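One structure below.
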Amino acid sequence: MGLFSTRKTNYVDCDILVVGGGMAGCGATYESRYWGRDLNIVCVEKANIERSGAVAQGLYAINCYMGMHWDENQPEDHVRYARNDLMGLVREDLGYDIARHVDSTVHMFEEWGLPIMKDPETGRYQREGKWQIMIHGESYKPIVAEAARKAASEVYNRIMVTHLLMDDTKPNRVAGAVGFSVRDGEFYVFRAKAVIVCAGGASHIFKPRAVGEGMGRTWYAPWSSASAYGLPILAGAKMTQMENRIVLTRFKDGYGPVGAYFLHLKTYTENAYGEPYEPTWYEATKELVGDYVDRHPVPTCLRNHALLEEVKAGRGPIRMVTKEAFQDPHKETVGWENFLGMTIGQAVVWASQNIDPKEINPELTTSEPYVMGSHATCSGAWASGPEDYAPDDYQWGYNRMMTVDGLFGAGDTIGGTAHKFSSGSFAEGRIAAKAAVRYVTDLKGQQPQANEAQIDGLKETVYKPLDNYQVGRNEIVAGTVSPSYISPLQGLQRLEKIMDEYVGGTSTFYMTNEPMLKKGLENLMWLKEDLDHIGAEDLHQLQRAWELSHRVITSECVTQHTLFRKETRWPGYYYRGDFMKLDDKDWHVFTGSQYDRNTGEWEMSTMPVHHIID
Ligand SMILES: Cc1cc2nc3c(=O)[nH]c(=O)nc-3n(C[C@H](O)[C@H](O)[C@H](O)COP(=O)(O)OP(=O)(O)OC[C@H]3O[C@@H](n4cnc5c(N)ncnc54)[C@H](O)[C@@H]3O)c2cc1C
């Protein structure tokens, strides 16, 4: 027995366990109660659901709203839009399912007190763009969290979930999850009939542009630590499109969003010499991707591509032309408020660099890559689709159930469905919950079993980093250098360097190829070996250790997928130097992977892309 595994164990029995109380998790918790009046519904969150997840700081726009009752858009239109943006590859059944339910979700937000801006002339919601509506969203997350708190039997805040429990009586069935309190260090065992993973996406798997004192300054939340993928991967769930990492064009250094600037303020970009640059790259891009470059709107990755090519040609930096729009006092106010509601850091960075966008056109740059399933990208778990809409080979059970029995997901967790954003993630949480309630009801009281041996083994594993530190700390030299263990930060920086240099990060202009990917996999293997010797001096570091572990297995999955897809499907997100062109003949397919935790082997596969909507 380890030094720290004598800590108290708390057992929590429930019907439905929601892991992660962000947008999707709050949706799942709320809807579980709606359909499961008598069920025991538990939400577990590593932070506090009041202000957790990517929406913690608030948002200025809800990016997924159809406006069906005003006949503004129909769900089919949204599927076409997402398919176009993802260069043809989306799960149309899942996307349609979200689009047809998302408006009712937004109407509930308004009922609960979220102020949505109105167009003074039409009385409709104020549009920022075709799919976006503008909100006063500083309190978006607390409003949504209140609904979840009232719906849950119990919300457990400050518990980091480290592993899923598996059923000892039936193979490939989930039985709950374990984790530890980041405050008092006690061990938690959640025994559940169904688990809905809603743990967000992954930042900090690629080296960020800002390192050292600025390392927390990333576009995506630094606490989004890949549990949404790490937990299902280790449970044997099939993953899809994990190569489809996202790179964002944003204001330099503060990562301030550009959507409101382009869509509402009608600002535009130019190179360092005041020239437009996208037309310069039209022919060369067409050579790579064919007709996709002619689609409207131009896919997000291709807009990144033109910017990157212009910078490589020596005509950077690229700037957003704000000086004209900011002469209009209304637009100037909107421009600033856009940041103050969700990315205050950008305003602070501009102040620190003496940039007034009325006087100076600010620089744009591309971010390091992130892994997400809800933005302009669709990495995540392969999930069963809606019964009334999904083709047969996309259905094997309950809606949003993964390939592991009883294991559901929503939001960033689920793959193949880009552009769901905050509202679509909440809506997908609701969809998953409705199905999970039916799954639990169909079990008819049958309870998955996780035996004490499994639980004791996990407990020992979870606290091992504390043991490693306790045992090895006397050998430390120079404050942090130990012959016996590595610290979570050292491990994180090693991971980021491997992914950056071999798997298509910023330092290679997102370029990779087979030899680089193979070398990356080899280095990841050494890193995985060292994770057994990670040392955590306190509970905070223990959390960092487990976050790193989830990031590493996710990175391995990303690398395997990137190696498997022998084409460059999304130039601007990443490039396979050995297969520079998009190849619709051989690769108009989803990629799939399944990890065998006993052998450490990955099984790669392809799944067909069914176009259901014309
Ligand atoms: C920078 C940025 C800007 C965005 N702007 C917009 C916008 O303007 N409009 C819009 O509509 N959408 C926007 N989005 C998208 C939106 O935020 C996401 O689509 C949405 O938050 C995804 O929901 P989720 O529940 O999957 O993840 P999250 O909301 O991030 O929630 C994940 C939750 O899981 C918890 N968690 C993670 N790991 C564990 C663990 N191991 N144990 C327990 N809990 C865990 C986290 O703490 C978090 O609370 C933006 C996203 C980003 C990153």
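Every value quoted in this text rests on a predicted model; they were computed, and no experiment measured them. All ligand and atom numbering here is 1-based and tracks the order in the structure.
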Check: For ligand 1, which atoms have a heavy atom of Val55 less than 4.0 angstrom away?
Finding: 17 (O), 21 (O)
Check: About how many Å separate OH of Tyr156 and SG of Cys14, when rounded to the nearest 0.5 Å?
Finding: 8.5 Å
Next item on the list: Can you sort out which atoms of ligand 1 are near Tyr220, meaning under 4.0 Å from one of its heavy atoms?
Entry: 53 (C)
Check: Nearest protein heavy atom to atom 39 (C) of ligand 1, by residue and atom, and its distance?
Finding: Lys46 CD, 3.8 Å
Margin query: Below a 4.0 angstrom heavy-atom separation, can you tell me which part of Ala199, side chain or backbone, both or neither, approaches ligand 1?
Written below: both
Next item on the list: For the residue pair Asn399 and Lys434, confirm or rule out a side-chain donor-acceptor distance under 3.5 Å.
Entry: no
Next item on the list: Can you sort out which atoms of ligand 1 are near Cys198, meaning under 4.0 Å from one of its heavy atoms?
Entry: 32 (C), 33 (C), 34 (O)
Notebook entry, point to check: Which atoms from ligand 1 have a heavy atom of Ser425 less than 4.0 Å away?
Noted result: 19 (O), 20 (C), 22 (C), 23 (O)
Notebook entry, point to check: Does a side chain donor of either His69 or Asp103 reach within less than 3.5 Å of an acceptor in the other side chain?
Noted result: no
Next item on the list: Check whether the side chains of Glu337 and Tyr60 place a donor and an acceptor atom closer than 3.5 Å, and report yes or no.
Entry: yes
Notebook entry, point to check: Can Arg7 and Phe180 be said to form a side chain to side chain contact (heavy atoms under 4.5 Å, CB included), step by step?
Noted result: CA-CA 10 Å; Arg7 285 178 181 239; Phe180 65 96; over 6 Å; no
Note to self: Can a side-chain donor-acceptor contact be found between Tyr125 and Glu110 if the only test is distance below 3.5 angstrom?
What the structure shows: yes
Checklist line | Between Lys207 and Thr506, a side-chain donor and acceptor under 3.5 Å | finding: no
Margin query: Can you tell me how far apart CG (Asp412) and OG (Ser379) are? Round to the nearest 0.5 Å.
Written below: 9.5 Å
Check: Of Ala47, Ala61, Ser422, which has the heavy atom at the shortest distance from atom 9 (N) of ligand 1?
Finding: Ala61
Notebook entry, point to check: Based purely on interatomic distance, does Cys64 place a nitrogen or oxygen under 3.5 Å from a nitrogen or oxygen of ligand 1?
Noted result: no
Next item on the list: Show your reasoning for whether side chain to side chain contact (heavy atoms under 4.5 Å, CB included) applies to Ile62 and Tyr140.
Entry: CA-CA 10 Å; Ile62 286 178; Tyr140 190 7; 3.7 Å; yes
Notebook entry, point to check: Among Ile133, Thr343, Leu59, Val44, which residue places a heavy atom closest to atom 6 (C) of ligand 1?
Noted result: Leu59
Check: Which residue and non-hydrogen atom of the protein lie closest to atom 42 (N) of ligand 1, and at what distance in Å?
Finding: Val161 N, 3.1 Å
Check: Got the closest protein heavy atom to atom 47 (O) of ligand 1, with its distance?
Finding: Glu45 OE2, 2.5 Å
Check: Between Glu146 and Arg149, is the closest basic N to carboxylate O distance under 4.0 Å?
Finding: no
Note to self: Under 3.5 Å between any N/O of Asn63 and any N/O of ligand 1: does that happen in this structure?
What the structure shows: yes
Item checked: Shortest protein contact, atom 30 (O) of ligand 1 (heavy atom only) -> Ala54 N, 2.9 Å
Next item on the list: Report yes or no: do Arg430 and Thr105 form a side-chain donor-acceptor pair below 3.5 Å?
Entry: yes
Notebook entry, point to check: Trp131 and Phe421: aromatic ring centres closer than 6.0 Å?
Noted result: no
Notebook entry, point to check: Does some side-chain heavy atom of Met402 sit less than 4.5 Å from a side-chain heavy atom of Thr413?
Noted result: yes
Check: Which residue holds the protein heavy atom closest to atom 25 (O) of ligand 1, what is that atom called, and what is the gap in Å?
Finding: Ala24 N, 2.8 Å
Notebook entry, point to check: Relative to the heavy atoms of Asp412, which atoms of ligand 1 are at a distance of less than 4.0 Å?
Noted result: 22 (C), 26 (O), 27 (O)
Checklist line | Per-atom contacts of ligand 1 with Ser374, taking only distances under 4.0 Å to non-hydrogen atoms | finding: 18 (C), 19 (O), 22 (C)
Notebook entry, point to check: Taking distance alone, with no angle check, do Val19 and ligand 1 share an N/O pair under 3.5 Å?
Noted result: no
Next item on the list: Answer yes if the ring centres of His101 and Phe426 are under 6.0 angstrom apart, and no otherwise.
Entry: no
Notebook entry, point to check: Which residue supplies the protein heavy atom nearest to atom 2 (C) of ligand 1, what is that atom called, and how far is it?
Noted result: Trp219 CZ2, 3.5 Å
Margin query: Checking the N or O distance criterion of under 3.5 Å, is ligand 1 in contact with Ser423?
Written below: no
Item checked: ligand 1 to Thr413 polar contact by distance, N or O atoms, under 3.5 Å -> no
Check: Got the closest protein heavy atom to atom 31 (O) of ligand 1, with its distance?
Finding: Gly22 CA, 3.2 Å
Next item on the list: Using a 4.0 Å heavy-atom cut-off, say whether Tyr255 meets ligand 1 through its side chain, its backbone, both or neither.
Entry: neither
Item checked: atom 27 (O) of ligand 1: nearest protein contact (heavy atom, Å) -> Gly200 CA, 3.4 Å
Check: Measuring from the heavy atoms of Ile159, does anything fall under 4.0 Å of ligand 1?
Finding: yes
Checklist line | Tyr60, any N or O under 3.5 Å of ligand 1 N or O | finding: no
Notebook entry, point to check: So do the side chains of Gln543 and Trp223 get within less than 4.5 Å of each other, counting heavy atoms only?
Noted result: no
Notebook entry, point to check: Can Ser227 and Lys46 be counted as having a side-chain donor-acceptor contact under 3.5 angstrom?
Noted result: no
Check: So is Phe421 polar-close to ligand 1, meaning N/O to N/O under 3.5 Å?
Finding: yes
Checklist line | Heteroatom distance test (Leu231, ligand 1): nitrogen or oxygen, under 3.5 angstrom | finding: no
Note to self: Need the ligand 1 atom indices (1-based, order shown) with element for anything under 4.0 Å from a heavy-atom of Ser227.
What the structure shows: 38 (N), 39 (C), 40 (C), 41 (N)
Check: Side-chain donor-acceptor pair under 3.5 Å between Thr218 and Arg209, yes or no?
Finding: no
Margin query: Can you name the atoms of ligand 1, numbered from 1 with element, that are less than 4.0 Å from a heavy atom of Gly411?
Written below: 26 (O)
